[in-house]
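The next block holds one structure in the form of structure tokens; read it before the comments.
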Amino acid sequence: MSVSSYRPGVYSSYTIAPSYTGAREALTVGVLGTSLGLEKEGPVLVSRGDSLNGGTKIQEMAELLFGAGLGSFWACSLEESAEAGAWRSALEALGEAASPALVAVENAGAEVLALAKAWAEDRSKNQREALIFAGTGGDVTNAAALAKGVNSPRVILSFGEAVPQGLEAGSPFWGALSLCAAVAVLEDPSVSLTGEVMPGLARVTGAGYAQVETLLAAGVTPLCQAGSAVEAVRVLTTSTAVGGSPNRSFSPINSVLIVDFVMKALRQSLGSLLRGAKNSQTTLSAVASQLTVLLGDFLDRGIITGFEAPRVSIQPDAPEVCVAQVAFTAAYLINQIQIRAQIQL
């Protein structure tokens, strides 16, 4: 700062920059739909500033996703008559091209969802975590049965005929796509999505008040009208049973998001320690210290509620393998408050 005046006083200079420029670390989104209007076959990266044909489904999708804060997304178009096998092939092609963390699928048929579930669970086992989003509407009983048939922490099924802003007609797919976008820009996995306003949606025709309970019990995410906005009553995965027994541990989507977030962060952090690492106590101590620092940070941020001291050792029969054992408790969000009052008159 140069001196521009010798007069006594207090002076200042400043610049103004926009505080919001979109999600800084948005998850990679992939979309599978029919007749999108893409000029190329196979997975295509769509970015802000790209020239898209007006009135096409891909242009309408771009408006919704970019409006939510995404800077780009991947899309793959299929024919209206595409069978389940074609959807599976499109998922695999999308996975190889983009490695998306979230995938919105327009076809919510039981067969396609079963294939998508298998694809997501297989990738997640190989450290390429992915979630599937699909939408359904119409009969509440059928929607509940569909979710129970899927029963996976990797599949999210929304309910409601959603209409994007600027359009007249809607479909359940728009609700699933909007929900996918809301999760993609959620920079903190421990932030609750209960009552979250769905980006880009103008209205929705969903379940009635009494039907919402049925959907939530089945692991379906109901979308409802709230004034001029569309809200998610509560965002759930379709996981309501584990090993045939009722278990809702993985029902809240935040439980899955937290686990994925923490494990990805631990892997990425330790990756730098592999270069030049030796089978020595120094290396073991460095790994343990790195894990402790990361887990402590997640504890301070409320992403986890506790953790045990990491235990690091060398595999006895494989001296080139370092084993790091961690144990932590993911934060479980409160979605209900009950007031129990004792009143005297």
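What you see is a predicted model; the values in this text were computed from it and never measured. In this chain, numbering begins with 1 at the start of the sequence shown.
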> Could you walk me through whether Ser249 and Asn247 pass the side-chain hydrogen bond (donor to acceptor under 3.5 Å, both in side chains) check?
Replying inline: CA-CA 6 Å; Ser249 298; Asn247 188 319; 2.7 Å; yes

> With a 4.0 Å cut-off, would you call Lys264 and Asp260 a salt bridge?
Replying inline: no

>> Assess the residue pair Thr194 and Ser192 against the criterion (side-chain hydrogen bond (donor to acceptor under 3.5 Å, both in side chains)); give the C-alpha distance rounded to whole Å, side-chain angles, the decisive distance to 0.1 Å, and a yes or no.
In response: CA-CA 6 Å; Thr194 296; Ser192 174; 3.2 Å; yes

> Out of Leu291, Leu295, Thr329, which one pairs with Phe307 under the side-chain contact (heavy atoms from CB on, under 4.5 Å) rule?
Replying inline: Leu295

>> Tell me the closest heavy-atom pair linking Val105 and Val112, and the distance in Å.
In response: CG1-CG1, 4.1 Å

> Of all heavy-atom pairs between Leu94 and Trp74, which one has the smallest distance, and what is that distance?
Replying inline: CD1-CB, 3.7 Å

>> Taking Leu32 as the starting point, is it possible to reach Leu45 by hopping between hydrophobic residues whose side chains are less than 4.5 Å apart?
In response: yes

> Pick from Leu257, Ile304, Leu294: which one makes a side-chain contact (heavy atoms from CB on, under 4.5 Å) with Val262?
Replying inline: Ile304

> If you take all heavy atoms of Lys117 and Asn151, which pair is closest and at what distance?
Replying inline: NZ-O, 3.8 Å

> Do NZ/NE/NH1/NH2 and the carboxylate oxygens of Arg88 and Glu92 come within less than 4.0 Å?
Replying inline: yes

>> Within this structure, what is the CZ-CZ distance for the pair Arg154 and Arg123, rounded to the nearest 0.5 Å?
In response: 11.0 Å

>> If I compare all heavy atoms of Leu52 with all of Gln59, which pair ends up nearest, and what's the gap?
In response: CD1-CA, 4.0 Å

> Going only through I, L, V, M, F, W and Y residues with side-chain contacts under 4.5 Å, is there a path from Leu102 to Leu36?
Replying inline: yes

